[in-house]
Protein chains: 2
Amino acid sequence: MAKKTRSSPRREDSLSRDRIIEASVAILDGSGEDGLTFRALSERLATGPGAIYWHVPNKGDLLTAACDAIIARAMNAPLVGATPQAIIRTLALGMFDAIDAHPWVGSALTRAPGQLPMVRILERIGRQVSALGVPDEEQWATVGALLNYILGVGAQNAANGQLGRMRGIDRSDFLDAVATSWSQLDPNAYAFTRSMAAHLRGHDDRNDFIAGIDLILSGIEASRRL
Amino acid sequence: MAKKTRSSPRREDSLSRDRIIEASVAILDGSGEDGLTFRALSERLATGPGAIYWHVPNKGDLLTAACDAIIARAMNAPLVGATPQAIIRTLALGMFDAIDAHPWVGSALTRAPGQLPMVRILERIGRQVSALGVPDEEQWATVGALLNYILGVGAQNAANGQLGRMRGIDRSDFLDAVATSWSQLDPNAYAFTRSMAAHLRGHDDRNDFIAGIDLILSGIEASRRL
DNA sequence: CATTCTATTGGAACGTCGTTCCATTTATGT
DNA sequence: ACATAAATGGAACGACGTTCCAATAGAATG
C-alpha cells in the first residue's frame with residue numbers, strides 16, 4: 001500500500017479505496033465472512049490482488065473499513081427521542097438491525113477493539129449516558145455494560161448465521177436444531193437449559209434484545225437513585 | 001475421523017482425543033489463536049496431521065473442545081455464596097479470570113453458539129436467575145443480558161490480547177496506544193470518547209467488569225419490584 | 001504360534017488463502 | 001516529446017486445513 005496523494009482519479013474506471021470497500025460489503029453480504037477473499041475481490045473489480053494492495057494495507061483493515069461503512073450509516077441516522085433512554089433504545093435497535101442485515105459486522109466489530117467503528121458507537125451511547133446524569137467515575141462501566149451487551153448479542157447473531165451458512169441451513173432452522181439438542185440434554189444436570197429450549201423456538205430475537213437493554217437501563221436508573 | 005470403540009489404549013504413547021485437546025490448550029496459551037495449527041500440533045505430539053484427524057473431525061471442533069475444557073473447569077469450581085446475586089458475581093468473575101488467563105477462550109466462545117461450553121454457562125447462571133425469582137417469561141432475556149455482557153467483555157479482552165500480540169506489545173501497552181489515539185480525536189465530534197481516554201489508562205478491567213454485572217443485577221432487582 | 005483382520009498411524013499431496021514481487025501501463029509535469 | 005512517478009495486474013511464495021493412502025501394530029482367530 002502507499003500514501004494518498006491525488007484528488008481526482010487518473011482513469012475513469014480506476015480503483016479506489018471506496019470502490020474496494022463497496023465491493024467488499026457486497027461480497028460479505030452475499031457470501032458471508034469466508035466469501036471475502038482477495039481473489040473474489042479481484043474478480044469482481046476486474047483486476048489483480050496486487051492492485052488492491054495499493055489501496056488497502058491488509059485484509060484485517062479492509063474488514064474493519066467495511067464494518068465501519070455499515071456502522072457509520074447506522075449511527076448517523078437521525079435520532080428522534082424525547083429522553084436519553086429513548087435515544088439509547090433507538091441506537092441499540094439500530095445496531096441490532098444493522099447486524100441483522102449484515103451479520104459479518106457482528107464478528108468484525110469484536111476484532112477491531114478501540115478502533116473507529118467501536119468508537120462511533122461508544123461516542124453516541126456515551127453522550128446519552130452522560131445526559132442521563134451518571135457520575136463521571138461510573139460512566140465507563142455504564143457505557144461498557146451497554147456496549148458489551150450489544151456486542152455480545154451481535155457476535156452471537158453473527159455466529160448463528162455463520163454456522164447456519166456452513167451447514168447450508170437458514171437461521172431459524174439452525175436455532176431449531178439448537179433447541180432440539182438442548183431438549184435432549186440430561187434432565188438433572190441441565191434442567192434450566194432444557195426449560196429454555198421451548199422458548200428458543202419461535203421467540204422474537206429483537207424483543208429479547210431490547211428487553212436486555214431495558215434491564216440495563218433500569219439498573220442505571222436504580223443506581224442513580226441511591 | 002471415526003467412531004469410538006476401544007476403552008483401553010493399544011499403545012502406551014497412543015494418541016487420544018484428550019491428549020490432543022491438552023496439547024491444543026498448551027499451544028493456544030503459549031502462541032495464541034493463530035498458533036494452533038495441525039502442523040504445530042503434529043510436531044508437539046510427534047505424529048502427523050492425518051493421525052490427529054482420526055480423533056478430531058476438524059479444527060473448529062477442536063477449538064470448541066479446548067474451550068470447553070477451560071470452561072468446564074471454571075464452571076465446576078465450588079460455589080460458596082449466600083445469595084443468588086453473590087453466586088452470579090462469583091460465576092461472572094470466574095469467567096472473567098478464565099478468559100483473562102486464556103484469552104483465546106473469549107473468541108472461541110462466540111464461535112460456538114448454543115454448544116457445550118455456552119450451555120454450561122447458561123445453565124449455571126440460569127439456575128441463579130431462577131432462584132432470584134425472575135418470572136419464567138423474563139428468564140431468557142435476563143440470562144441473555146448477563147451472558148451476552150460476559151461474552152462481550154470476553155471477546156473484547158480476547159481481541160485486545162490478539163491485536164497486542166500481533167504488534168508484539170503487551171496488553172497494557174496496547175490499551176495505552178488506544179488511549180493515545182482516542183485523545184487525538186476531534187474534540188467536538190468525539191468529546192465523550194476523549195473524556196474516556198484518561199480513564200482507560202491504568203483502570204482496573206476486573207473492577208469495571210464486575211461493576212457492569214452489578215448494574216445488570218440491580219436492573220433485575222428493580223424489575224422484580226415492579 | 002502363525003495368520004488374518006481392523007483400528008490407528010504418519011507423511012505426502014491438494015487446493016486455497018493472504019501476501020509479496022515486479023514488469024508493465026498510464027497519466028502528469030517539464 | 002520525454003522523463004518521472006503513480007497505479008495496475010498477474011505470477012509466485014509460503015502456510016494453512018484437509019484428504020488420501022501405504023504402512024504398522026495390537027486383537028482375534030485358527
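None of these values were measured; they are calculated from a predicted model. Chain naming here is simple, since letters A, B, ... match the order of the sequence lines and numbering starts at 1 in each.
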Within [range] or reaching into it, pairs that qualify as salt bridge (Lys or Arg N to Asp or Glu O under 4.0 Å) - sequence neighbours excluded:
{"range": "residues 63-72 of chain A", "value": "A:Asp68-A:Arg120"}
{"range": "residues 182-201 of chain A", "value": "A:Asp176-A:Arg201"}
{"range": "residues 141-160 of chain A", "value": "none"}

Checklist entry - Can you name the side chain to side chain contact (heavy atoms under 4.5 Å, CB included) partners of A:Ser181, sequence neighbours left out? => result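 Applying side chain to side chain contact (heavy atoms under 4.5 Å, CB included) to A:Ser181 gives none.
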
Next on the checklist: Holding to side chain to side chain contact (heavy atoms under 4.5 Å, CB included), I want the full list of residues that pass it with A:Ser195, two or more places apart in sequence or in another chain.
Outcome noted: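 In terms of side chain to side chain contact (heavy atoms under 4.5 Å, CB included), with neighbours along the sequence ignored, A:Ser195 is linked to A:Phe192.
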
d([atom1], [X]; [atom2], [N]) in whole Å:
{"X": "A:Asp34", "N": "D:dG17", "atom1": "CG", "atom2": "P", "value": "13 Å"}
{"X": "B:Arg44", "N": "C:dG10", "atom1": "CZ", "atom2": "P", "value": "17 Å"}
{"X": "B:Tyr53", "N": "C:dT8", "atom1": "OH", "atom2": "P", "value": "19 Å"}
{"X": "B:Leu15", "N": "C:dA7", "atom1": "CG", "atom2": "C1'", "value": "13 Å"}
{"X": "A:Met166", "N": "D:dG17", "atom1": "CE", "atom2": "C1'", "value": "12 Å"}
{"X": "A:Ile52", "N": "C:dT19", "atom1": "CD1", "atom2": "P", "value": "12 Å"}
{"X": "B:Phe38", "N": "C:dC17", "atom1": "CZ", "atom2": "P", "value": "19 Å"}

Item to check | Nearest-0.5 Å distance that lies between atom CG in B:Asp100 and atom CZ in B:Arg206 | outcome: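 These two atoms lie 8.5 Å from each other.
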
Checklist entry - Is there a donor-acceptor contact under 3.5 Å linking the side chains of A:Thr64 and A:Gln115? => result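 Note: A:Thr64 and A:Gln115 side chains miss the donor-acceptor criterion.
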
Item to check | Sugar-phosphate only, base, or nothing, as touched by A:Leu41 at under 4.0 Å among non-hydrogen atoms | outcome: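 Answer is nothing: A:Leu41 stays at 4.0 Å or more from every strand.
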
Next on the checklist: Below 4.0 angstrom, which residues in residues 55-70 of chain A have at least one non-hydrogen atom near DNA chain D?
Outcome noted: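 Heavy-atom cutoff 4.0 Å gives A:His55.
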
Checklist entry - At under 4.0 Å, does any side-chain N or O of B:Trp54 touch on OP1 or OP2 of C:dT9? => result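 It does not, given that no N or O in the side chain of B:Trp54 lies less than 4.0 Å from OP1 or OP2 of C:dT9.
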
Pairs under 3.5 Å (N/O, protein and nucleotides 12-15 of chain C):
none

Item to check | Close residues, residues 19-29 of chain A, relative to DNA chain C [heavy-atom separation under 4.0 Å] | outcome: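 Within this stretch, nothing sits under 4.0 Å of the strand.
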
Name the atoms and distances for all side-chain donor-acceptor pairs under 3.5 Å in residues 140-150 of chain A, with sequence neighbours left out.
| unit_1 | atom_1 | unit_2 | atom_2 | d |
| --- | --- | --- | --- | --- |
| A:Trp140 | NE1 | B:Asp208 | OD2 | 3.3 |
| A:Thr142 | OG1 | A:Glu138 | O | 2.7 |
| A:Asn148 | ND2 | A:Gly144 | O | 2.9 |
| A:Tyr149 | OH | A:Phe209 | O | 2.9 |

Item to check | Partners meeting salt bridge (charged side-chain N to carboxylate O under 4.0 Å, His left out) with A:Asp18 (sequence neighbours left out) | outcome: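 For A:Asp18 there are no salt bridge (charged side-chain N to carboxylate O under 4.0 Å, His left out) partners, ignoring immediate neighbours.
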
Next on the checklist: Going by salt bridge (charged side-chain N to carboxylate O under 4.0 Å, His left out), name the residues that satisfy it together with A:Arg124, two or more places apart in sequence or in a different chain.
Outcome noted: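 For A:Arg124 there are no salt bridge (charged side-chain N to carboxylate O under 4.0 Å, His left out) partners, ignoring immediate neighbours.
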
Show me the donor-acceptor pairs, under 3.5 Å and distance only, between side chains in residues 156-166 of chain B and residues at least two apart or in other chains.
| unit_1 | atom_1 | unit_2 | atom_2 | d |
| --- | --- | --- | --- | --- |
| B:Gln162 | NE2 | B:Asp34 | OD2 | 3.1 |

Checklist entry - Start at the 5' end of DNA chain D and walk down; is the nucleotide closest to B:Ala51 or to A:Ser16 reached first? => result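 Final value for this comparison: A:Ser16.
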
